[in-house]
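Remarks on the structure that follows.
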Amino acid sequence: MPRLSWSVAFLFVLLVSLVRPLHAAETNCQSQLYLGAAPILKNPKLAEQTSPVCFSEIALLYSGIARTPLWSAEHLTAGRIQRARGLSRLHSDAFHEEPSLPADLRSELADYRRSGFDRGHMAPNGDMSTIEAQEESFSLANMIPQEPCNNEVLWEGIESAVRSLALSEGDAYVVTGPAFLGAELRSLKGRVLVPTHIFKAVYLPSRKLAGAYFAPNDGSQSWEPISISELESRISVDVFPEASADVKRHAMDLPGPTPHFGCRLHTMEAGQQASGPGRR
DNA sequence: CGGCCGGATGTT
DNA sequence: AACATCCGGCCG
């Protein structure tokens, strides 16, 4: 009998030791969320096949149906932004599949390859203040298929503006994610859903002000500022559950994007490439 | 800042 | 032959 209970106990200890790092990571993850509260999915269908992923400077919820994050959250501080600006960007080979997700639900590098879409960060590399956090940000769990002009010009400009805002305000909670609106959704290889829109919500706790950027996932370079309530009505997610109703109802005056480059990329719609499988 | 590609290399 | 990794160059 000692033998049997031994093996049982051993298995139990093994399981606990496997699970414990996740708990540690989850508590650490709360620091990325305003008052430790994760965004709330108002539509039960959205919550199907989701898994939380906790990195050192990102808290996100991954959807195994969309094979993208539904939201990716960060707590930006002035110090974090200053340290992040001291780091150089990782090489693009740093993109990697997320091993902590169930294999059949993971998005893969092959899904994005030659798709015409960028692998677009939700929590951006430019917000990461350590090498470790940078590497984690390149996980495909943090990635959506993003139209190149949107990603590299408009969205880069918005990310940059939000960093400057956090730097000057000293403190900002940011939640970024995709929206899948309408009945006809495109996909990569029938696996990764292509978002129709992208949002970035910002909350300034010291000023009790909040608002969100909302943009179509196309090359139009258009965007609109909306309130957190309006965002919730569009995407069925309450990104700042602990913010007051007043704060959520009023859209703060968001700084406009400050892009570093223009985009005169040809208008070829992403998703259709000229060359077929020209393998040899 | 955000990405892309191709070349050289080492491993299976 | 296929795939990963590191590197450098390119673009917007």
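If you're wondering where the values come from, they're calculated on a predicted model, not measured in any experiment. Throughout, a chain's letter reflects where its sequence line sits, starting with A, and its residues are numbered from 1.
- Under 3.5 Å, the side chain of A:H91 and the base of C:dC7 form at least one donor-acceptor pair of N or O atoms.
- A salt bridge does not link A:K248 to A:E230: none of the charged side-chain nitrogens sits closer than 4.0 Å to a carboxylate oxygen.
- Between A:R191 and A:D111, at least one side-chain nitrogen of the basic residue sits less than 4.0 Å from a carboxylate oxygen of the acidic one, meeting the salt-bridge criterion.
- Of the N and O atoms on the side chains of A:S107 and A:E97, not one donor lies less than 3.5 Å from an acceptor on the other residue.
- Between the CD atom of A:Q146 and the P atom of C:dG12 there is a distance of 18 Å, given to the nearest Å.
- Using a 4.0 Å heavy-atom distance criterion, A:L90 is classed as making no nucleic acid contact.
- A:N151 comes within contact range of the sugar-phosphate backbone alone, with a heavy-atom separation under 4.0 Å but no base atom that close.
- The stretch residues 118-127 of chain A touches DNA chain B through A:D118, A:R119, A:G120, A:H121, A:P124, A:N125, A:G126, each having a heavy atom under 4.0 angstrom from the strand.
- Taking Ile, Leu, Val, Met, Phe, Trp and Tyr as hydrophobic and joining them when side-chain heavy atoms fall under 4.5 Å apart, one finds A:I198 in a cluster with A:L76, A:I81, A:M122, A:I144, A:L154, A:W155, A:I158, A:V162, A:L165, A:L167, A:V174, A:V202, A:L204, A:L209, A:Y213, A:W223, A:M252, A:L254.
- In this structure, A:D118 contributes its side chain and A:G120 its backbone to no donor-acceptor pair below 3.5 Å.
- Between A:H197 and A:F180, the distance from one ring center to the other does not fall under 6.0 angstrom.
- Nearer to the 5' terminus of DNA chain C, by closest-nucleotide assignment, is the contact made by A:E97 (compared with the other of A:H260 and A:E97).
- Distance A:I131 CD1 to C:dC6 P: 13 Å, rounded to the nearest Å.
- Looking at A:N217, its side chain does come within 3.5 Å of a backbone N or O of A:P195 through a donor-acceptor pair.
- Boundaries of the chain A contact region on DNA chain B are B:dC1 to B:dC5, first to last in 5' to 3' order (nucleotide atom under 4.0 Å from a heavy atom).
- With DNA chain C read from its 5' end, the first of the two nearest nucleotides for A:F261 and A:S92 is the one closest to A:S92.
- Side-chain atoms of A:R67 do not come within 3.5 Å of backbone N or O of A:L188 as any donor-acceptor pair.
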